[in-house]
Amino acid sequence: MTAPPGEAVIDVADLAKTYRTPFTRRRVEALRGVTFQVRRGEIFGFLGPNGAGKTTTIRILMGLISATAGTAKILGNPVPSRQARARLGFLPEQPYFYDYLTVGELLDLAGRLFGLDAATRKRRADELIAKVGLDRARTQALKKFSKGMMQRAGLAQALINDPDLVVFDEPMSGLDPIGRKEVRDLILELRDAGKTVFFSSHILSDVESVSDRVAIVIRGQIQAVGSPRELAGQTLLGVDVTLRLDDPHGAAADEIAARGDRVRRGDRELSLTVAADVDVDELLAFARERGARVVVVAPRHDTLEDLFVKSALASDGGTAAGAAVTEGP
Amino acid sequence: MTDRLGRIWAIALNTFREAVRIRVLYGILFLVVAANVFAIVLGEMSIHEEARVARDVGLAGISLFGALTAIFLGVVLLYSEVQRRTVHAIVAKPIERWEFVLGKYLGMATTLTVLVGLFAAAMVVLLLYQGVGVSGAVVKAVVLAWGEVMVVAAIALFFSAFSTPFLSGIFSLGLFVIGRITPDIQAALGSKEASAGSKTLLRVVLEIVPDLHLYAVSGRTLDGQHVSVNGDFVSWGYVATAGGYGLLWIGGLLALAIVIFQRRDFA
């Protein structure tokens, strides 16, 4: 899972972006000194609430907007530059493509822009259309595609050049659970094929389930960078215990339940959480003496969600989302 | 170099594909054919002037509708890339922004060339139907009209690099009209009644507006000589000079459009 240290595929230092609103001329700090590195071969999740600066950072990296201050490099090349974009694939947030093209024509256009020859374009397009499951929609114009199909077409065009680095902006946004799982699988598959994946999301579970490392950005500032496990912390918060009982509502069950909290009673099952300092062996012995059988014993740690919420609340009085807006020049 | 040309060509080809799907263009083509048919009716009503009317109306149709189409495509095609965010997936690929703008222009120019060709073909068919031959003067006039359309397309593209289609359309139409009346502006400069301030303004206008009158010379006096597509017309040398003048304007306008587009943020 861990990539060789020191080899930065994306290197962002003190990136800032300030702009003014069109009429009120209010100064908006979309990014405030963002610094992070993405190492070769890792899946890096860029996590933050809506309006936190994820898309702004990605747009600067892709050369779509300019930074007010700071530097960024992709594969050792300064951003923005054609060289920086040569070995990467990009899926924009809510991708918009030429809706009169078919997916094959879209991939052909993308391939031409990467300078691929006709035979390579055709071979890669065939492979990718099959990979993203759009074979049956090959002859349809993109305007007839559903949102999920458009997302798949976007993923395919991002991979046409067999890139070293793929950048996905909210790739699971708007997808159904199956679509989201397919995207997660694709991200893992790309990492296994030696690619570096950088993707943004505001969906914690998506980021936590696939990322080797994560950066949390809130109000244009990086709050934390590390593996989900490191960030969530190793501190034991408690232990979840699930027991099988003939009568989960009976007196024996009540005695056991009194030793913990968060008690849930189901069909012949009793679940409870006990504090970290409770002797779990003694509790399990106590439960067995009352006819219970142990089904699950699981430690409870801080989750990425806990950290995310704490970071959000700690940031500027608890209003996590959105860029910093200031008055004046 | 081949890669660069390939990228520019890819954008041009895609722009052409997009443009030919715009249904308004087919409406304009219908209007041009209708104008030529109307010219036949007008010609029938004239006394032995069928050929003159058919040529004049046909060429005016090419020139006017060609310019209007150029403005329409110029203000819509580049702006819509930004507005619909299709530019995001393109600019993030290893293409320079100047290559993108040049590709857009070439795609537009290809579309307009096909359209002017169709307009001219419609005129020629109807001229032949009337038994009127296609003279060298007509060919030169069509080439000049095409040159003007190319310059107008560059004007519209320039404005659409930083403005909305509505404003770009107004600005482009304004420049087209002013560019067509440069002899009248020059005449006003020679007038004793014009104030010094207004003369200065007119001189500035003449400097910053392309002289599109060069491309619509039939029926006008050029160097003291009356030229007409129905009689003595300009030489191929004149056509080439007007073409060179147009190329300079196109190059300048595209360079300005590229400088502006280069600095834009695509949010």
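What's counted below: heavy atoms across the whole structure, side chains too, no hydrogens, waters or symmetry copies. Every chain is numbered from 1 and lettered A, B, ... according to where its sequence line falls, protein lines coming before strand lines.
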side-chain contact (heavy atoms from CB on, under 4.5 Å) against A/Ile129, all qualifying residues, sequence neighbours excluded | A/Val103, A/Leu107, A/Leu134, A/Asp135, A/Arg138
For [X], which atoms come within 4.5 Å of any heavy atom of chain B: side chain, backbone, both, or neither?
X: A/Ala110; result: both
X: A/Pro92; result: side chain
X: A/Leu91; result: neither

Under a 4.5 Å heavy-atom cut-off, does chain A meet the side chain of B/Leu13, its backbone, both or neither?
-> side chain
Show me the donor-acceptor pairs under 3.5 Å between chain A and chain B.
residue: A/Lys17; atom: NZ; partner: B/Asp265; partner atom: OD2; Å: 2.6
residue: A/Gly63; atom: O; partner: B/Arg97; partner atom: NH2; Å: 2.8
residue: A/Leu64; atom: O; partner: B/Arg97; partner atom: NH2; Å: 3.3
residue: A/Leu64; atom: O; partner: B/Phe266; partner atom: N; Å: 2.8
residue: A/Ser66; atom: N; partner: B/Asp265; partner atom: OD1; Å: 2.9
residue: A/Ser66; atom: OG; partner: B/Asp265; partner atom: OD1; Å: 3.4
residue: A/Arg82; atom: NH1; partner: B/Pro94; partner atom: O; Å: 3.1
residue: A/Arg85; atom: NE; partner: B/Val91; partner atom: O; Å: 3.1
residue: A/Arg85; atom: NE; partner: B/Lys93; partner atom: O; Å: 2.9
residue: A/Arg85; atom: NH2; partner: B/Ile95; partner atom: O; Å: 3.0
residue: A/Tyr98; atom: OH; partner: B/Glu81; partner atom: OE1; Å: 2.7
residue: A/Tyr98; atom: OH; partner: B/Glu81; partner atom: OE2; Å: 3.0
residue: A/Tyr100; atom: OH; partner: B/Asn14; partner atom: O; Å: 3.4
residue: A/Tyr100; atom: OH; partner: B/Asn14; partner atom: OD1; Å: 3.3
residue: A/Tyr100; atom: OH; partner: B/Asn14; partner atom: ND2; Å: 3.3
residue: A/Gln157; atom: OE1; partner: B/Lys93; partner atom: NZ; Å: 2.5

Just verifying a value: how many Å separate [X] [atom1] and [Y] [atom2], rounded to the nearest 0.5 Å?
X: B/Phe261; Y: B/Phe162; atom1: CZ; atom2: CZ; value: 13.0 Å
X: A/Ile187; Y: A/Glu182; atom1: CD1; atom2: CD; value: 12.5 Å
X: B/Phe65; Y: B/Phe30; atom1: CZ; atom2: CZ; value: 11.0 Å
X: B/Leu77; Y: B/Met108; atom1: CG; atom2: CE; value: 5.0 Å
X: B/Ile90; Y: B/Ile11; atom1: CD1; atom2: CD1; value: 5.0 Å
X: A/Leu88; Y: A/Thr196; atom1: CG; atom2: OG1; value: 11.0 Å

Would you call the rings of A/Phe198 and A/Phe36 parallel, tilted or perpendicular, where under 30° means parallel and over 60° means perpendicular?
-> parallel
Using a cut-off of under 4.5 Å on heavy-atom pairs, state which of A/Ile60, A/Ile65, A/Leu61 scores highest against chain B.
-> A/Ile65
